[in-house]
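Convention: sequence-line order gives letters A, B, ...; per-chain numbering from 1.
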Number of protein chains: 2
Amino acid sequence: MGKKSVLSRWIFWTLIVLTLFFFGFIIGWFAKPTQPKTEHHTESSRFLKEFLEGMKAQNIRQHLRKFTRLPHLAGTEQNLKYAAQIREEWQDFGLDSVDLVHYDVLLSFPNKTQPNYISIVDALGNEIFSTSLQEPVPDGYENVSDIVPPYSAFSPKGTPQGELVYVNYGRTEDFFQLERQMGINVTGKIVIVRYGKIFRGNKVKNAILAGAKGLIMFSDPADYCADRVQTYPDGWNLPGGGAQRGNVLNLNGAGDPLTPGYPAKEYTYRSKLEDGVGLPKIPVHPIGYHDAIHLLKNMGGEIPPNNWKGALNVSYRIGPGFINDYKSLTVRLNIHTNNQVTRIYNVIGKIRGAVEPDRYIILGGHRDAWVFGGIDPMSGAAVVHEIARSAGSLLSKGWRPRRTIVFASWDAEEFGLQGSTEWAEENAKLLQERAVAYINADSAIEGMYTLRVDCTPSLHTLVYDITKQIDSPEEGEEGMSLYESWHKRDNWTNNRDAPRISKLGSGSDFEAYFIRLGIASGRARYTKNKKTERYSSYPVYHSVYETFEVVDRFYDPSFRRLEAVARVRGGLIFSLADSLLLPLDVNEYADALDKYALSISQIAQRHPEEMQKYRVSFDPLFSAVENFTVAAGDFHQRLQTLDKADSLQVRIVNDQLMYLERAFIDPLGLPGRPFYRHVIFAPSSHNKYAGESFPGIYDALFDIENAADPERSWDEVKRQISIAAFTVHAAAMTLTSPA
Amino acid sequence: MGKKSVLSRWIFWTLIVLTLFFFGFIIGWFAKPTQPKTEHHTESSRFLKEFLEGMKAQNIRQHLRKFTRLPHLAGTEQNLKYAAQIREEWQDFGLDSVDLVHYDVLLSFPNKTQPNYISIVDALGNEIFSTSLQEPVPDGYENVSDIVPPYSAFSPKGTPQGELVYVNYGRTEDFFQLERQMGINVTGKIVIVRYGKIFRGNKVKNAILAGAKGLIMFSDPADYCADRVQTYPDGWNLPGGGAQRGNVLNLNGAGDPLTPGYPAKEYTYRSKLEDGVGLPKIPVHPIGYHDAIHLLKNMGGEIPPNNWKGALNVSYRIGPGFINDYKSLTVRLNIHTNNQVTRIYNVIGKIRGAVEPDRYIILGGHRDAWVFGGIDPMSGAAVVHEIARSAGSLLSKGWRPRRTIVFASWDAEEFGLQGSTEWAEENAKLLQERAVAYINADSAIEGMYTLRVDCTPSLHTLVYDITKQIDSPEEGEEGMSLYESWHKRDNWTNNRDAPRISKLGSGSDFEAYFIRLGIASGRARYTKNKKTERYSSYPVYHSVYETFEVVDRFYDPSFRRLEAVARVRGGLIFSLADSLLLPLDVNEYADALDKYALSISQIAQRHPEEMQKYRVSFDPLFSAVENFTVAAGDFHQRLQTLDKADSLQVRIVNDQLMYLERAFIDPLGLPGRPFYRHVIFAPSSHNKYAGESFPGIYDALFDIENAADPERSWDEVKRQISIAAFTVHAAAMTLTSPA
């Protein structure tokens, strides 16, 4: 071969080599994705399935058994021991960090040497009857010490004595009826009311406003016994010797009464007791229906309307005072309860987010119980424990959520949501900037019928999605999803063909997160059939009979209902923590606002002349809601074209979703309630448990009927409409394109 | 060749081909960067240089000339015309969007047919002297209509008449001295005070608290004339016929007095005038020093201490009332000013961010002027105009900032920062979640000496960086940087060897952004030599003599000082908008907190016995600051190892930087001042203009000296220390690792 030939051969081969290399390079270049795009979605779904199926009824049963052997009131050594045990077990489960976080808050305990009771006293001062000093202890717990007797936490000390007046449930309307229709003034009297319908703290507030000098609350069988059910231990009804413990504060979200707005740490300024938030000014005490009969049976005065009558074999006369031979007798409360600054402990466990560690999904529920806490709260705490275990087990298989998950075991919920509120206060800035959602985990069961969910509207769709992936726990419903079972039992008839979801009220630990900070929140539990079961909450609520056995024998012998609740709560936090796009539905919020605006305007429309006279119009609110609806629709539309591979664009959209709930917070708070700041959802001033939509407008309208100066009151309605309209407009702005 | 040979050849070549392709593929794969890494930094620096150099003195001169021809008081047609013109020009400059945004707020105007004045009245009711109804109009403006005469905006109507009492500057300490040392009670008297030292609204508040029924404020030459300077038009001193307009509100950040907390839109509820925020209850009127002589010269009573004496040829006797022959004369205010809900207009221009459109850098300054606004505010507005022009020009060259820039021309600043506050209220949620920084652009010049910067500590480093890139505007300083020129003239002697930077007080439009919302803020302008020039603000402040000419002839004939200010303000917004990592320095904040904590504790240490008696300790605050310092140091450390190619990690760190300032906001506000919520910086209750560090503690300590119940007052000091300590701890938490 000649030189030329060799050269051209070289050139030829070099070209071939370069060309091949070039093609390889180009294909390699383009084959590589710009973003590390994984099979995230599929993988996440697979882990979700494994996570849900990992939660087991029998484990929940064991957790519940373990944590209900001994009373563990907030502030006691036993409750700290359980905290330490939970920390240890969460660590063993594999959580990244678990800490005890303490606060020194105002609690309230009976005096151990001077018991509280109520007595009937004759003219000579002899006690001719006294209420029982404790509940009969249930079988198997005879040797347990530290069972706190029934009491009203934060009652002041005192021995007020006077004539008894019966005021039904002690609601605003009951006192009005008493004063206006029955013409009875309770100034200087002892008021007796039955438990139920509204939060007991509101009963106390109403009694104080009416001028009473003491308050007795009793559990009437009409409200605390189900039909055709035996009393505990033969069934799950409240025995006559049982009574409902509970705090009688009017905190309105303040947390520790001495440190409103700030965490109760060592360095924190504490107000004097007389300046404490929400502390009642009159002695209060709770009794069971056996004792109540003795107080009620000889009462004088008129026979009340039927809806004031309970199920006891007495006349429910109103008083004041006793009848005939008993006329000279009076009633005395003997209260020696002490307020005391006490250390409490939250357990805070974390699973660090892999991609966005600065986004938090919180699953929190309390640990402190009045006695054993068989239902409240340990049915919920056992569920949280199982969720943490299942999540830890997933971590060991290589899973790690996109966002951070926080598990919380709150302390001192029973004393006014203190553990959860103090933690929210200490972490307010972080939560405001970073918290995606809060799922509450109080009692997981209060009935045997179906699922109950209360949540912010943007969580509706996720709740439906998750419940479709969970099996019904009911016998005979094999192959049916929880969604179908729930849908069948509790359809949202008036509004839509789907299972009913309710508004969040208050009375549990989500309050600081939802109503003060504006974090999307929800709760789920198993419940009774509201249409047929008319008793209040569940019969043994806050009594010594809330044992492990009441769940194990009656409420959920297979523990499959608690398992289902665990999967709902767990599924929610999993999806919120691991979805690329946050599973929050802005269109659902728009629909809800629309419904609420109509509903509040209809309440106002009961006064058409005054609305005209004072020129009250809901048009600004309707127009704001319309504006929001358009913005939500547009936002939803834009989601469809989002480049999911662009991590910054995804973050921007997720921030909008996360901050939507925050947009409904008014930093100025509701009138007179600086820590209730959610303009769309808060309890009405008249009943802490009931979640009202547009609570500012609602309360202003509620006051209309009793207004001394109607012009001023309607003016307040107008002001509240204006605030609501502004807030909805502002929320709409957060959904529009960011610049 | 045999078959085998052909086959093996094929195999050989196939292997070669595959190997080459494989190598190419591998190299191509790894050669491609995961993130689109551009030469962002270099490119951004180049654009910054171009941006700064694009701003030209002569353009600023033209803008100033254009916008100072006619009076443009808030609420007038002319001020709307200027708004429309600015909108048009910003659009022409190339901004992405420019909108007029209106609000209907409470303004205050003199009655056109019934002028305001002050008279000396004899016993028969004859007015033997009356103050002038207007200022002598400067040359060249004789035919201009709509020059509003000097008045105190929001003064109530009224004609209070009585004896005159002179109370120096009308400060808290002046009234105390008057009452306690001089034994004079001003109840039912007319008080006369000189302008200066504190915000005029505080003078009014003090006079009302002291019981006065009317207040006169005058400009004393001691406070409104510089040495060896002629009066306008021969120099820049205030002529004797000039007087200072200004509002006399005590808004404490509320914005529109009738809609505190909410934007004054069409649908917004307005309180009744008597419930309006901060409206003074007594008539008030301002006069010049020629008129003041007539009121002061015949006053009786004691001769005051020297520090109560101004520079007029009168004795500055305190009164009450007149002397000798004039004893029967009294003084009457004749005030007919009207409050009126009036439409105002902000101009809002935007440049959309390319990468993070949901992060905002705001450059805002007001447009409304008392008359021509030669200095206040148009020297600042002209600068903003030139910055917008230069930014627009950069856009046309392919630049687009990483984040969104917002340009704002606020209305009704002179009536209580209303335009800026209402916009902040309407956009509060967006700003809270997305605003990185706010740079204020009020008057750009108030002296001829050097630069003055007031800003949040985290901006210190950026201010130094930027000023090093700008030339000194001073003659004879060619080749010297603005930083060096400034450093030479105003070194931060006690603290560090660098140009002095001060705390932000109040009195301009940054207030709602900084003190209410907690957005990192700063301002820059050219100023006088504080050591040698003792007059208040600048002599012609708020008079008709604030013309184009006062700038063009005296303050900045070359317009190079304004050019330098434009480059500082512009450089700040450019860097904040375009840097990958936000140029905010957390270590500077730590240093500042350390200094402030020491300083406030030293004020308390003036009362060592009481501190011991009431057990007041600053240790919790010191320990919180130490904690913050460690967190800031660690954060800064982590920045060094940050993977800048990971856009999510960068965003997470930037969010921490952005939200640091927000962490100092207490949603409950300072005591009695719900819209002043910054725990580190707010004006003291006693002087709006002075920025105090730890204002809550400062105010509590200020009150100690006049406390009726020292225990209660020291208790408040303790409470404020606790709040400060908590806030600093909470801020430290936001800097720690996110999960």
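Contacts between B:I351 and chain A at a heavy-atom distance below 4.5 Å are absent for every atom of the residue. Of the atoms belonging to A:Q649, it is side-chain heavy atoms, and not backbone ones, that fall under 4.5 Å from chain B. Contact annotation for B:Q720: neither backbone nor side-chain heavy atoms come within less than 4.5 Å of a heavy atom of chain A. Both the backbone and the side chain of B:V355 come within contact range of chain A, judged by heavy atoms closer than 4.5 Å.
Put simply, of B:D666, B:V650, B:D619, the one with the most heavy-atom pairs under 4.5 Å next to chain A is B:D666. Per-residue counts of heavy-atom pairs under 4.5 Å with chain B were compared for A:I723, A:I721, A:V406; the largest is that of A:I723. Counting heavy-atom pairs closer than 4.5 Å to chain B, the top-ranked of the candidates A:I665, A:T727, A:I652, A:T404 is A:I652. Taking chain B as the reference chain and counting heavy-atom pairs below 4.5 Å, the highest number among A:R662, A:R270, A:R352, A:E266 is found for A:R662. When each of A:Q656, A:H729, A:K265, A:Q432 is checked for heavy-atom pairs under 4.5 Å with chain B, A:H729 comes out on top. Note: A:M733 leads A:K350, A:K718, A:M733 in heavy-atom pairs under 4.5 Å with chain B. Among the candidates A:A663, A:S271, A:S97, A:A730, the residue making the largest number of heavy-atom pairs closer than 4.5 Å to chain B is A:A663.
In summary, B:R359 and A:D655 engage in a salt bridge, as defined by a charged side-chain N under 4.0 Å from a carboxylate O.
Nearest approach of B:Y267 to A:F726, heavy atoms of both residues: OH-CA, 3.4 Å. Annotation for B:R434 and A:T734: closest pair NH2-O, 3.2 Å, computed over non-hydrogen atoms. Closest of all the heavy-atom pairs between B:R677 and A:P667 is NH1-CB, 3.5 Å. Contact between A:R719 and B:Y269 at its shortest, heavy atoms only, is CG-CD2, 3.4 Å. Residues A:G261 and B:L668 come closest through the heavy atom pair CA-CD1, 4.1 Å.
At a threshold of 4.5 Å between non-hydrogen side-chain atoms, the residues B:K272 and A:D715 count as touching. Using a 4.5 Å cut-off on side-chain heavy atoms (C-beta onward), B:T268 and A:P620 make no contact.
In terms of modelled atom types and a separation under 3.5 Å, the side chain of A:K429 and the main chain of B:L660 share no donor-acceptor contact.
The environment of CZ in A:R712 is sparse: at most 12 heavy-atom neighbours from other residues, nucleotides or ligands sit within 6.0 Å.
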